[in-house]
Participant: 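Below are the structure tokens for one structure; questions will follow.
Positions are given from 1, in the same order as the sequence printed here.
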Amino acid sequence: MKVEQKDANLVGEHIVLEPLTLEHQAALSIAVADGNLWELWYTKVPHPDDMKAYIMTAMEAEARGEALAFAVRCRHSGEVIGSTRICRWQQQHRRLEVGYTWYAKSAQRTAVNTEAKLLILSYAFETLDVMAVEFRTHIQNQASREALCRIGATQDGILRNHQILKNGTIRDTVVYSIIDTEWPDVKQGLKQKLASYQEAVQ
């Protein structure tokens, strides 16, 4: 399966996932400054000065057939509010990871992440035909861990002493996954959660 399959946008009610290019650099640099997200010690978010290199790295991984990166754009305001990525794509094993996900602070705790997960997981299971989607997060990132459990991901295990972070601390990484037989129920749950956001704003 070729990376050229990521030609079209993934469109939802609230957001659009657009193929990430250098044209998104300025907008992403503004989005990441909403909350100074690069200061979060438990996750990897680029500083505005590093945004070009961040995008280039993603594009290089795409060229190797290992990743598909997206900018997240709000349909209502037109603003770019974050980024997410298919990564560690092992095409021969029909397995990939969804990661490098971050949103401007003003877009957090809204329908954005739920719809982004619905769009990218639908694409992974229904277009790319994978049999497993993996997620990884810092063991101390409780909000992320709870969110993954809420959408129906199962904890697979913990990679102890997995990485040395930029502040010198050592990260234990918790690995979660959703497999193809679970996807129909997970999809239904995401749709219901998204509907509840819509009802709340009506």
Side-chain angles (χ1 to χ4, degrees), residues 10 12 14-15 17 31-32 34-47 54 58 61 67-70 72 81-90 93 95-125 130-197 200:
L10 305 182
H14 304 277
I15 61 168
L17 300 186
V32 81
D34 180 0
N36 294 349
L37 303 182
W38 62 88
E39 295 178 353
L40 298 173
W41 63 271
Y42 51 78
T43 189
K44 297 177 181 178
V45 182
H47 187 279
Y54 180 82
L68 299 172
F70 300 90
V72 183
I81 53 176
S83 183
T84 191
R85 192 182 310 177
I86 285 171
C87 55
R88 296 185 178 89
W89 186 10
Q90 298 175 296
H93 298 301
R95 183 181 184 91
L96 55 80
E97 179 184 337
V98 171
Y100 296 91
T101 301
W102 56 268
Y103 308 105
K105 186 175 182 180
S106 58
Q108 296 173 16
R109 299 184 181 278
T110 69
V112 168
N113 186 53
T114 299
E115 188 162 66
K117 290 295 187 290
L118 178 59
L119 290 170
I120 204 166
L121 287 171
S122 296
Y123 184 69
F125 283 111
V130 300
M131 62 181 184
V133 173
E134 182 178 304
F135 305 87
R136 298 185 180 197
T137 191
H138 195 299
I139 195 170
Q140 294 186 31
N141 189 347
Q142 197 61 36
S144 177
R145 295 181 65 179
E146 290 174 359
L148 287 168
C149 290
R150 282 197 302 271
I151 69 170
T154 297
Q155 181 176 319
D156 293 328
I158 299 173
L159 304 175
R160 298 181 300 160
N161 284 2
H162 183 224
Q163 294 174 327
I164 300 175
L165 301 183
K166 58 188 176 184
N167 65 357
T169 62
I170 296 174
R171 162 174 160 155
D172 288 350
T173 297
V174 189
V175 182
Y176 295 81
S177 68
I178 298 168
I179 61 175
D180 51 1
T181 55
E182 298 166 342
W183 169 235
D185 288 339
V186 171
K187 182 177 183 179
Q188 184 61 30
L190 285 169
K191 286 184 173 181
Q192 290 174 349
K193 186 176 180 183
L194 193 59
S196 69
Y197 277 114

Participant: Any donor and acceptor pair, going by atom type alone, linking the side chain of Glu115 with main-chain N or O of His14 inside 3.5 Å?
Facilitator: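 Yes; judged by distance alone, with no hydrogens or angles, the pair exists.
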Participant: To the nearest 0.5 Å, what is the distance between NE2 (His93) and CZ (Arg88)?
Facilitator: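 His93 atom NE2 to Arg88 atom CZ measures 15.0 Å (nearest 0.5 Å).
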Participant: Could you tell me whether a side-chain N or O of Ser83 sits under 3.5 Å from a main-chain N or O of Phe70, the two making a donor and an acceptor?
Facilitator: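 Confirmed, Ser83 side chain pairs with Phe70 backbone.
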Participant: The criterion is ring-ring contact (aromatic ring centres under 6.0 Å, His included); which residues satisfy it with His162, sequence neighbours excluded?
Facilitator: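 Result, ring-ring contact (aromatic ring centres under 6.0 Å, His included) vs His162: none returned.
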Participant: A side-chain contact here means heavy atoms from C-beta on lying under 4.5 Å apart; do Pro46 and Trp102 qualify?
Facilitator: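 Contact flag for Pro46/Trp102 side chains = yes.
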Participant: Compare every heavy atom of Asp34 with every heavy atom of Ser106, then report the nearest pair and how far apart it is.
Facilitator: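 Closest pair (atom of Ser106, atom of Asp34, distance): OG-OD2, 2.6 Å.
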Participant: Check whether any side-chain heavy atom of Ile120 sits under 4.5 Å from a side-chain heavy atom of Thr101, and report yes or no.
Facilitator: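 They are not in side-chain contact.
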Participant: Any chance you could measure Lys191, atom NZ, to Thr114, atom OG1, to the nearest 0.5 Å?
Facilitator: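 Reported to 0.5 Å precision, the distance equals 14.0 Å.
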Participant: Is there any salt bridge (Lys or Arg N to Asp or Glu O under 4.0 Å) pair reaching into residues 167-188, and which pairs are they, with sequence neighbours excluded?
Facilitator: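 Matches after skipping sequence neighbours: Glu126-Lys187.
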Participant: As an exercise, state the distance from CD1 of Ile178 to CG of Leu148, rounded to the nearest 0.5 Å.
Facilitator: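 One finds 8.0 Å between CD1 of Ile178 and CG of Leu148.
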Participant: Write out all pairs satisfying salt bridge (Lys or Arg N to Asp or Glu O under 4.0 Å) with one or both partners inside residues 138-152, taking only residues at least two apart or from two chains.
Facilitator: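 Qualifying pairs, neighbours excluded: none.
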Participant: Is a donor on one side and an acceptor on the other found under 3.5 Å between the side chain of Thr110 and the backbone of Gln108?
Facilitator: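 No: the side chain of Thr110 does not pair with the backbone of Gln108.
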Participant: Flag the pair Gln163 / Lys44 as yes when at least one side-chain heavy-atom distance between them is below 4.5 Å, and no otherwise.
Facilitator: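 A side-chain contact exists here, since the closest heavy-atom pair is under 4.5 Å.
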